[in-house]
Amino acid sequence: MILISEALKIIKRESFALPTETVELENAVGRILAEEVRADMDLPPFDRSQMDGFAVKTNDTQNVPVKLKIIGESVAGKGFDGEIKTGEAVRIMTGARVPKGADSVQKVELTNEDNGFIEILEPTKLQQNINLHASEIEKGALIFEKGEIITEQMIAATASFGYAKIQVFQKPKVAILSTGSEIVNIDETPDKDQIRNSNSIMLKAFAEKLKLDAEVLPLVHDDFETLKTTIAEAVGFESKVQSPKSKVDVPKSKIQNLKSKILILTGGVSVGDYDFTKPALRELGAKIFFEKVSLKPGKPTVFAKLNDVLIFGLPGNPVSVAVTFALFTRTAILQMQSAKTSELKKGCAVCADKLKGAKERDCYLPVSLSTDENGQLIIESLRFSGSSNFIAFSRADALVFIPQGKNLEKGGVAEILYL
Ligand code: AMP
Ligand code: MG
């Protein structure tokens, strides 16, 4: 059994970096920047008015009321090209260029217009209502770094500097394979010994949140040969010649031409008589890096590589699947795209109740978060009955860390990872 930190180290080491590609900015949210975003111009590009009003010389407005001659107007997109002199003003709109000679703007509400003249009712201060040239950013300045995840909030800034297309890292294609003889498709009515497949669609949703293309493969029963063939096919083996250890005949199929970089299996990773994931991987010649992690839920997680495909064998329980995907698979997905941060965002919060840990493993327990009347972030237990409780899990906001052999006391501060 290895520590979570060791598992993460191995995953990061094995997550080979993918090349870059260029995408339209409109499709870039969630992708990882493969180039720096730099300002290609000063912002604002000129002294810019913050108000609708009149551009004036500050000196002219110190004894009010004062009447100034309106000599022109400066509108957004077409500034006034002349220069204003003492006793003069230019009508100006929000966003327009402040004309030469003016050093403040008085807002229209504090003026009275009269027959070609403007009466200024309150004195202005130097640079009042003006965004100075280059005060936001100077040409050439670094805005975003390589490796940052592009968020919706970053789009306006990126667009402003002309990045209609942007270089990002290619994303890994993901294939999802749920296994188990008791599992039926969600549109089927389970027989008395059966349950519906909730893992595949959940994993697809998690993958799509990371903007990946995820293919759900047809369910496989706890059948060694079928599982072996399906894995071989999913990692792109076309015939038995390519499988170093095993005689496996792989039928031509639709997934052959879209070989995935990551294969996620669920179920069949424990030590039961019908748990065939590890034996199948071994027979196909996969390199298994770890198969037991000091983690609750998620102890029997398997991480392997076969034919340059990273394989995650996650335990079957839906909550274990969610936790191990969030901790491990997500990290690999971001690491392959050279993301600066590949782990979930950390925080801390106060426990509303006592939370029990595990004797021999670290815990990452799904919890919900709320804020109390003092503005304190509070961890609320989801009252789990076990790692199969996906109904409780559906309200999870974060994972709380409980170190091995410890409990978290009511009122204590704990580390959380935001989901
Ligand atoms: P296993 O890891 O195969 O021992 O499965 C552990 C538990 O998870 C069993 O109770 C399974 O029925 C359940 N399980 C396995 N696969 C799925 C799935 N795709 N959807 C929902 N539950 C599952
Ligand atoms: Mg099973």
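As the structure lists them, so they are numbered: ligands from 1, and atoms in each ligand from 1. Side chains included, hydrogens not; waters and symmetry mates left out as well; all remaining heavy atoms used.
Nearest to atom 11 (C) of ligand 1 by heavy atom, out of Met202, Glu182, Gln194, is Glu182. When Gly180, Ser320, Pro300, Gly316 are checked for heavy-atom proximity to atom 2 (O) of ligand 1, Gly316 turns out nearest.
The list of salt bridge (charged side-chain N to carboxylate O under 4.0 Å, His left out) pairs with a residue in residues 360-369, not counting sequence neighbours, is empty.
Between Glu36 and Arg38, at least one side-chain N (NZ, or NE/NH1/NH2) sits under 4.0 Å from a carboxylate O, which counts as a salt bridge.
Checked by distance only, ligand 1 and Ser270 stay at 3.5 Å or farther apart across all their nitrogen or oxygen atoms. Here's the thing with Ser200: none of its N/O atoms is less than 3.5 angstrom from an N/O atom of ligand 1. Taking any N or O of Ile195, backbone or side chain, none lies under 3.5 Å from an N or O belonging to ligand 1.
Within ligand 1, the atoms closer than 4.0 Å to a non-hydrogen atom of Ser198 are 20 (N), 21 (C), numbered from 1 in the order shown. Remark: ligand 1 atoms within the under-4.0 Å shell around heavy atoms of Ser178 are 19 (N). Residue Asn317 approaches ligand 1 through these ligand atoms, each under 4.0 Å from one of its heavy atoms: 6 (C), 7 (C), 8 (O).
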Q: Could you go through the side chain to side chain donor-acceptor pair (under 3.5 Å) check for Ser320 and Asn317 one step at a time?
A: CA-CA 5 Å; Ser320 309; Asn317 270 315; 4.6 Å; no

(Q) Between Glu14 and Lys287, does the salt bridge (Lys or Arg N to Asp or Glu O under 4.0 Å) criterion hold? Intermediate values first, please. (A) CA-CA 11 Å; Glu14 295 302 323; Lys287 181 160 174 46; over 6 Å; no

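Under 4.0 angstrom from ligand 1, the non-hydrogen atoms of Asn199 come from both its backbone and its side chain. Only backbone heavy atoms of Arg196 (N, CA, C or O) come within less than 4.0 Å of ligand 1; its side chain stays farther off.
Residue Ile186 qualifies as open at atom CD1: its count of foreign heavy atoms under 6.0 Å is 12 or below.
Using a 4.5 Å heavy-atom cutoff, the side chains of Arg330 and Leu210 are in contact.
Within the 4.0 Å heavy-atom cutoff, Gly268 counts among the residues contacting ligand 1.
Take Glu24 and apply the side chain to side chain donor-acceptor pair (under 3.5 Å) test, not counting sequence neighbours, and it matches Lys165.
The aromatic rings of Phe290 and Phe303 are tilted relative to each other, their planes meeting at an angle between 30° and 60°.
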